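One structure is given here, and the rest of the page talks about it.
Each chain gets a letter, A, B and so on, in the order the sequences are listed, and its residues count up from 1. In this text, all values refer to a predicted model and were calculated from it rather than measured experimentally.
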Amino acid sequence: MVASPDSAHFAKTGPAAGSDIKLLRTHESEKLERIRHTFSHVMAMAVQRLFPKAQVTIGPSIDYGFYYDFDAPEPFTEKDLKAIKKEMIKIINKGLPVIREEVNREEAKRRIEALNEPYKLEILEGLQEPITLYHLGDEWWDLCAGPHIESTKELNPKAFSLDSVAGAYWRGDENRAQLQRIYGTAWETPEELQEYKRRIEEAKRRDHRKIGKELGLFIFSEEVGPGLPLWTPKGTVLRSTLEDFLKAEQVARGYLPVVTPHIGKVDLFKLSGHWQKYKDDLFPMMGENEDEGFVLKAMNCPFHIQIYKSQLRSYKELPLRYAEFGTVYRYEQSGELGGLTRVRGFTQDDAHLFVTPEQLNDEFLKVVELIQATLKALQLDQSFRARLSFRDPNNKSKYLGSDDAWEKAQSAIRQAVETMGMEHFEGVGEAAFYGPKLDFIVRDALDREWQLGTVQVDYNLPERFDLEYVAEDGSRQRPIMIHRAPFGSLERLIGILIEQYAGDFPLWLAPDQVRLLPVTADHWAYADEAAAQMRQLGVRVEVDKSGERLGKMIRNAEKAKIPVMSVIGDKEVEAQALSIRTRREGDLGSIALADVLERLKKALSDRSDF
RNA sequence: GCCGAUGUGGCUCAGGGGUAGAGCAGCUCAUUCGUAAUGAGCAGGCCGUGGGUUCGAAUCCCACCAUCGGCUCCA
């Protein structure tokens, strides 16, 4: 729910870049963290004043504000939020001192029991002494580690707002009680609050669901079903351009294309282990009985493995790199679906590399190099975070394979990242069930994080499928698999790209690259001729024959976010020239047709602007 | 799946117990125009779906579906 005023794409384009006000996240300012955390306490106090039956749980500061989870008999309504906000302002205006008190466990327990707060009691069980309590004046206190500010006087009653209510499970466990979470945002000054709200509005304007509709890139149909995007001609052009780009990069790196079916026997997925692990996430099985049923594939690896296994492989063939734009189907929970970033049918730019142990590190590095080149071409190289996704050592049963294999795979990944000097962080418990991953994470316009590219080292599936190759000495050896997808999924990538560019695609990706605008119908013939020459170069160009006035045609082209426009009137016809207007730079004046063609050709091959 | 909100012509939205409204888009006509909206006219909606309450429902109630914000999940 929190938007991202300072993430990379905010800085890049759009009106949001115009403001001088720097909005700090909680982790960037210790003072703001205290302020937000104290706001959370003030809110809890206000809630308990107005709703004495509401029980308190936890309430931290977050990136741009705070939340607090309550166990309340009735969910809070919008009206309740207003009342709570009013009550908070009262508390703030009282200027209550925030007092820290240290107590021992018994004392803390005694006091919490006196208030009948079972959640706090459960929290206390996990705490080490000394236990700290924070008081707001002498009316209200909360078990809390702090830190806080000195007095509610330091909170600006005009610099916060309560934004939304949401259900949240106690301790994040869906089997436990569902609590009512109230989210708020808080700042030091009202100006910062205003700026924050303005940037949220800006972020909504670049939402890919909105822009995708405006530009006509994709649709959803209730008749087809939720989470199943349909691609229009314009959207398909964008998709194909991305596919063609990656295919060329892959061919240059020795990948081999394969194509595999959308369904397969359930036995295949039992063998891979996916069935046992992810049964609920597959679309229901087709077929008579469980032994002969078919399922829609949720991943491509078992299919690629079959191609590997179709022949006895020699070490001389390795590494083998099978690549496929494979469409997979996952029955995501209904509440999780959203736009293109979380769908039920999507296309992975998948590949599986079968390598010898000696080749592993080198191949892994080459994959990471490919992903970096891809991100750079898409101008995402400044906005991703690299995550080493390792298994949770305290929950080994969630994963397949031996400790030894996991250790080897995880150290291979860490070593690769360190060799490349890539900035990264570790995500414990984020691994796939069959192996650790290196994931490339980006944020959308509303600051939610999404995984795009991924590389995974896998010792387990080769084991489960009994993969082999004949080594130099004639012995049978087991290959290692690398799963990798630089885009992750085309759907998600396109969603992110739309927001990154706010729909203003660079020339090479734009579904419509050039629109010719003849001033009157007299200029249509010349426009058609110029368009034909552009099409010879592979330029996506159209002639506006709407008969509208020039101003209107320009407006329409601008709204369609076409990167290059060309006005054609008598002067242009006579000079065999085009008057060029680009979306980024406006009117460039008249340029000879031959030169325009040259520049278009170069811009497309360089993936640069006109 | 869970909590909450929303659902009115292609799009954006107003209205709200007595049988639907605007702007844009579309179509027609006139205008032939030089860097972000020419004018006039026309057409277009079982008000998400199904039940219920009512003399009467788009409006109130219930269920379902979809979307949105969270939670959980995310191969």
How would you label the contact of [X] with the nucleic acid (heavy atoms, under 4.0 Å): base, sugar-phosphate, or nothing?
X	answer
A/Ala168	sugar-phosphate
A/Gly339	sugar-phosphate
A/Tyr169	base
A/Arg342	base
A/Gln333	base

(message) Once rounded to the nearest 0.5 Å, what's the spacing between atom CZ of A/Arg181 and atom OH of A/Tyr68?
(response)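 Between atom CZ of A/Arg181 and atom OH of A/Tyr68 there are 12.0 Å.
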(message) For A/Glu222 and A/Leu179, find the nucleotide of RNA chain B closest to each by heavy atoms; which residue's nucleotide sits nearer the 5' end?
(response)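 Upstream on the strand: A/Leu179.
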(request) Using the closest heavy atom to pick a nucleotide of RNA chain B for each, name whichever of A/Tyr329 or A/Arg171 lands nearer the 5' end. (result)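 First, find each residue's nearest nucleotide; the 5'-ward one identifies A/Arg171.
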Whole-Å gap separating [atom2] ([N]) and [atom1] ([X]):
X	N	atom1	atom2	value
A/Tyr399	B/A75	OH	C1'	12 Å
A/Leu217	B/G10	CG	C1'	16 Å
A/Arg344	B/C65	CZ	C1'	12 Å
A/Asp207	B/C11	CG	C1'	16 Å
A/Gln180	B/A5	CD	P	10 Å
A/Tyr67	B/G4	OH	C1'	17 Å
A/Lys279	B/C74	NZ	P	18 Å
A/Asp281	B/G1	CG	C1'	12 Å

Say you pick atom [atom1] in [N] and the same atom in [M]; how far apart are they, in whole Å?
N	M	atom1	answer
B/A5	B/G45	P	32 Å
B/C74	B/G17	P	47 Å
B/U31	B/U67	P	49 Å
B/G18	B/A58	P	11 Å
B/A22	B/C47	C1'	15 Å
B/G23	B/C60	C1'	30 Å
B/G7	B/C13	C1'	13 Å
B/U6	B/A25	C1'	24 Å

If we call it a pair only when both distances are under 3.5 Å in a Watson-Crick or G-U wobble match, what pairs with [N]?
N	result
B/G23	B/C11
B/C74	none
B/C29	B/G39
B/C68	B/G4
B/A58	none

(message) Do the side chains of A/Arg515 and A/Glu558 get close enough for a salt bridge, i.e. N-O under 4.0 angstrom?
(response)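 No, this pair does not count.
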(message) Taking the basic N atoms (NZ, or NE/NH1/NH2) and the acidic carboxylate oxygens, is any pair closer than 4.0 Å for A/Lys210 and A/Glu214?
(response)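 Looking at A/Lys210 and A/Glu214, the cut-off is met.
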(message) Counting neighbours of CD on A/Glu78 that are heavy atoms of other residues, nucleotides or ligands and sit closer than 6.0 Å, is the number greater than 12?
(response)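 Not more than 12 within 6.0 Å, no.
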(message) So for atom NZ, which belongs to A/Lys309, do other residues, nucleotides or ligands contribute more than 12 heavy atoms lying within a distance under 6.0 Å?
(response)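 Count over threshold, so yes.
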(message) Under the salt bridge (charged side-chain N to carboxylate O under 4.0 Å, His left out) definition, can you give me all pairs with a residue in residues 430-439 of chain A, not counting sequence neighbours?
(response)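 Qualifying pairs, neighbours excluded: A/Arg387-A/Glu430, A/Arg387-A/Asp439, A/Lys437-A/Asp439.
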(request) Establish, from distance only, whether the side-chain atoms of A/Ser161 and A/Asp163 form a donor-acceptor pair under 3.5 Å. (result)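 Indeed, the side chains of A/Ser161 and A/Asp163 share at least one donor-acceptor pair under 3.5 Å.
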(request) For each nucleotide in nucleotides 31-44 of chain B, reading 5' to 3', give B when a protein heavy atom comes within less than 4.0 Å of its base, S when such contact involves only the sugar-phosphate, and - otherwise. (result) BBBBBBBB------
(message) Which label fits A/Phe39 and A/Phe66: parallel for a plane angle under 30°, tilted from 30 to 60°, or perpendicular past 60°?
(response)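 The arrangement is parallel - the two ring planes meet at less than 30°.
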(message) Can you tell me which nucleotide in B/C68, B/C3, B/A75 comes closest to the side chain of A/Arg209?
(response)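 Looking only at side-chain atoms, A/Arg209 lies closest to B/C68.
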(message) Working note: A/Thr454 + A/Gln456, criterion side-chain hydrogen bond (donor to acceptor under 3.5 Å, both in side chains); need CA distance, chi angles, decisive distance, verdict.
(response) CA-CA 7 Å; A/Thr454 180; A/Gln456 308 168 7; 3.2 Å; yes
(message) Going by centres under 5.5 angstrom and planes under 30 degrees, do the aromatic ring of A/Tyr278 and the base ring of B/A75 stack?
(response)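 Stacking is present between B/A75 and A/Tyr278, given that their ring centres fall under 5.5 Å apart and the planes under 30°.
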